[in-house]
S.K.: 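First, the structure itself, so that you have it in front of you.
Throughout, residue positions are numbered sequentially from 1 according to the sequence presented. First listed ligand is number 1; within each ligand, the first listed atom is number 1.
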Amino acid sequence: MQDAQIGQFFIRVGLDVPLPGLFDYRSAQNVEVGQRVIVPFGRRQLVGLVVAVGEHPAVPIEQIRDVVMVLDDLPPLPDSWLRMMRFAAGYYQRPLGEVMMPAFPPPLRKAAAYTGKRAAGGPVARLARRKRNTVGTTPAAFHSADSASSPELNADQRAAVDKILALQGHGVILLRGVTGSGKTEVYLHAAREVLSQGKQVLFLVPEINLTPQLESALRQRFSAGCSTVELAVLHSGLSDGERLEAWLSAFSGKARVLLGTRMAVTVPMPELGMIIVDEEHDASYKQQDGLRYSARDLAVWRGHDEGVPVVLGSATPSLESWNHALQGRYHEVVLNRRARDVALPVVRLVDTRRLRLEQGFSPQILEAMNERLQQGEQVLVFINRRGYAPVLSCTSCGWVSQCSRCTAYTVLHRGRTGAPRLQCHHCGGYVQVPRACPECGDQDLKPMGRGTQRIEEFLADRFPEARIARIDADSTRLKGSAERLFAQVHSGEVDILVGTQMVAKGHDFANLGLVAVLNADSMLFAHDFRAPERLFAQLMQVAGRAGRHKEGGVVMLQTDYPDQPVYRALQKHDYPGFARYALDERRSLGLPPFAYQALLMAEGRELVQAIEFLHTARNLPELNPAAYTTREHVMLYDPVPLRVVRVANVERAQLLVESPSRPALQRFLAQWSADLFALGREGRVRYSLEVDPFEI
Ligand code: ADP
Ligand code: ZN
Ligand code: ZN
């Protein structure tokens, strides 16, 4: 009886294991494509996803093992979702299972959640039971009667919304508008229309914790008459249970809006009608380990595949997106004015070449700060360096503090309690500050340069009356502390805010009259070709913080290079001017978006191992030329050590691959990644291959 049944179904399964390909199993029970199963793998049991049924097994039948359990607590994942996963796996050169399985919330991909002693029913059933016991407290559901709180759109906004809604099926709108031009309002109106047609909206943001205003605006404002619109929120700060709930809610169609960070782009939504990507240029959309995907790019692909419009919004679009708009592939819509009656901030460059600075401050900025504080206004001091000082040094022999495990200086930090210490920003390690120089024994050790803590200390001394707050990764480590600090700034309990890029995003400070930018130059000559683009975006964003001020705020930027195009364009709030200049440069150098890149990174105990691996990798196409049909269109550079070559005692090197043709590069990478896999098995070098690398 049993024998007659077993062997009926051969299925092919994707598993989250670092092996290419898919795995064949046999199921006694009927299984559909898109269902999850628990299967034996080695001595473990794993949750996998069925991607094919009834295919002839690729291995001898007697080697095929039986499925342990077919999971039917979810409807099968739809074809559209599998297409997206296949695309991502192919494009980013990863095994399909390694792409699909991590896209599920953890409880749905842990075998123990179903087979363990206390598993009773699995996570979906347990969640439903828990929800039944707490009826009436669905915090995500919200009524809204007050469409009154949404302002009348101005003409530019109206035109933008109309243009979005006029798109039939897929199309990409690049919505460009300076901070405060009312992009959020455009998103909300367009989304409301889509919701009223009975469809779902996927709303991506770079970091949820820095944009609490958006979440509350969504909560307050979505309604079609007196119905409720359910909102689910998804980001990495959630517990497994919360993540499961949000994911299920969007997948079941219960949630009509899914607001989330990059991970939300892969959530299946049965009635998807629009995708919005806010701050589309933001680096947080790029995942930096595992599947190194760009959520923005995946969103555009998904919109195209599912035939729905995609709105990309930014004050400073990525040059990739801007170039698409220039080429007519995206529709550009511009919001030129600020929505409220506030002027754009005036940007002044302070030429520091012949100035004597006091703890990094020019006399002009100190005087301007003094004036603003006298008038009861707030001041933001922006410096992109946390800690007290970037390095400690010996005045007599020149010793500088360095990490023993990394090729990097250690940063002097002052703890809130306890002694100061030297901390490595690369490996996270730290040591106590030595009493004397380890080289010569001299006791005269001095901090060199300055970070947020030292600036804070100096300002407290310089402006004793002022209430000062510091917002950086250190001061906001504890849960809720960032919110608390921001709330203090908003409520006027703070006069001077010292902050890193954390303060640049999201928050509007109504009483902020002056923004002082201290060390912009340090980003100007970074090695990465995207550095000017990033600097411009960041400065525009920081400048935007001042502009909520009724009189129009002032931005003062200290620089030794006042003629740099980045600063000139910033002064005029001229994104197109900057983008034109930057694109010309990229074109002449053959850089993205005029070329496509991939980066092979190798890590070993010793640098020679990593470099040798890369050299071998570079020669792979020569060993098998017939398999590399597009080799002549692909350029392989020489392997080079990373600038910070050693981190946590691992030495790192990289090899850049480039092509003017995306398909040629893709075809090359498909063969290369297979050959790399074989090569990687032989040695002691770890490697990763990144397509469209963001930082080089
Ligand atoms: P952005 O997202 O482009 O930075 P916001 O959407 O946050 O800009 O809008 C900036 C401010 O202007 C917000 O306080 C918003 O409520 C307000 N606002 C937006 N559109 C309008 C409008 N049409 N009329 C009046 N105020 C508006
Ligand atoms: Zn010394
Ligand atoms: Zn270190």
S.K.: Taking only heavy atoms of T184, which atoms of ligand 1 are found under 4.0 Å from at least one of them?
M.R.: 2 (O), 5 (P), 6 (O), 7 (O)

S.K.: List ligand 1 atoms under 4.0 Å from T179, heavy atoms only on the residue side.
M.R.: 4 (O)

S.K.: Is a salt bridge present between R530 and E320, judged by a nitrogen-to-oxygen distance below 4.0 Å?
M.R.: yes

S.K.: Does the distance from a Lys or Arg side-chain N to an Asp or Glu carboxylate O, for D297 and K286, drop under 4.0 Å?
M.R.: no

S.K.: Got an N/O contact under 3.5 Å between G177 and ligand 1?
M.R.: no

S.K.: Heavy atom to atom 22 (C) of ligand 1, shortest distance: which of H189, E279, E152 holds it?
M.R.: E152

S.K.: Walk me through whether D574 and R568 qualify under salt bridge (Lys or Arg N to Asp or Glu O under 4.0 Å).
M.R.: CA-CA 8 Å; D574 181 13; R568 289 281 168 223; over 6 Å; no

S.K.: Look at R477 together with D474 and state whether they make a salt bridge at an N to O cut-off of under 4.0 Å.
M.R.: yes

S.K.: Between D442 and S396, does any side-chain donor sit less than 3.5 Å from a side-chain acceptor?
M.R.: yes

S.K.: Is ligand 1 under 4.0 Å from a heavy atom in the side chain of S181, in the backbone, in both, or in neither?
M.R.: both

S.K.: Taking only heavy atoms of L153, which atoms of ligand 1 are found under 4.0 Å from at least one of them?
M.R.: 23 (N)

S.K.: Shortest non-hydrogen contact from Q378 to V494?
M.R.: NE2-O, 2.9 Å

S.K.: Nearest 10° is fine: what angle sits at the Zn ion (ligand 2) between SG from C397 and SG from C440?
M.R.: 110°

S.K.: Output the list of atoms in ligand 1 that are nearer than 4.0 Å to some heavy atom of N154, sorted by atom number.
M.R.: 23 (N)

S.K.: Could you check whether E603 pairs with R652 (Lys NZ or Arg NE/NH1/NH2 to Asp/Glu carboxylate O, under 4.0 Å)?
M.R.: no

S.K.: Could you tell me whether R256 and E230 make a salt bridge, using a distance below 4.0 angstrom between a side-chain N and a carboxylate O?
M.R.: no

S.K.: Between H413 and H425 (judged by ring centroids, cut-off 6.0 Å), do the two rings come close enough to count as a pair?
M.R.: yes

S.K.: If the cut-off is 2.8 Å, does any N/O/S atom of H425 fall short of it from the Zn ion (ligand 3)?
M.R.: no

S.K.: Roughly, to 10 degrees, what angle do C427 atom SG and C424 atom SG form around the Zn ion (ligand 3)?
M.R.: 110°

S.K.: Closer than 4.0 Å to some heavy atom of E185 - which atoms of ligand 1 meet that?
M.R.: 6 (O), 20 (N)

S.K.: Can you check whether W322 and Y330 have ring centres sitting under 6.0 Å from each other?
M.R.: no

S.K.: Find all atoms of ligand 1 within a distance of less than 4.0 Å from any non-hydrogen atom belonging to V178, and give their numbers and elements.
M.R.: 3 (O)

S.K.: Flag G180 as yes when one of its N or O atoms lies below 3.5 Å from any N or O atom of ligand 1, and as no otherwise.
M.R.: yes

S.K.: Can you name the atoms of ligand 1, numbered from 1 with element, that are less than 4.0 Å from a heavy atom of K183?
M.R.: 1 (P), 2 (O), 3 (O), 4 (O), 6 (O), 8 (O)

S.K.: Using 2.8 Å as the threshold, say whether any N, O or S atom from H426 sits that close to the Zn ion (ligand 3).
M.R.: no

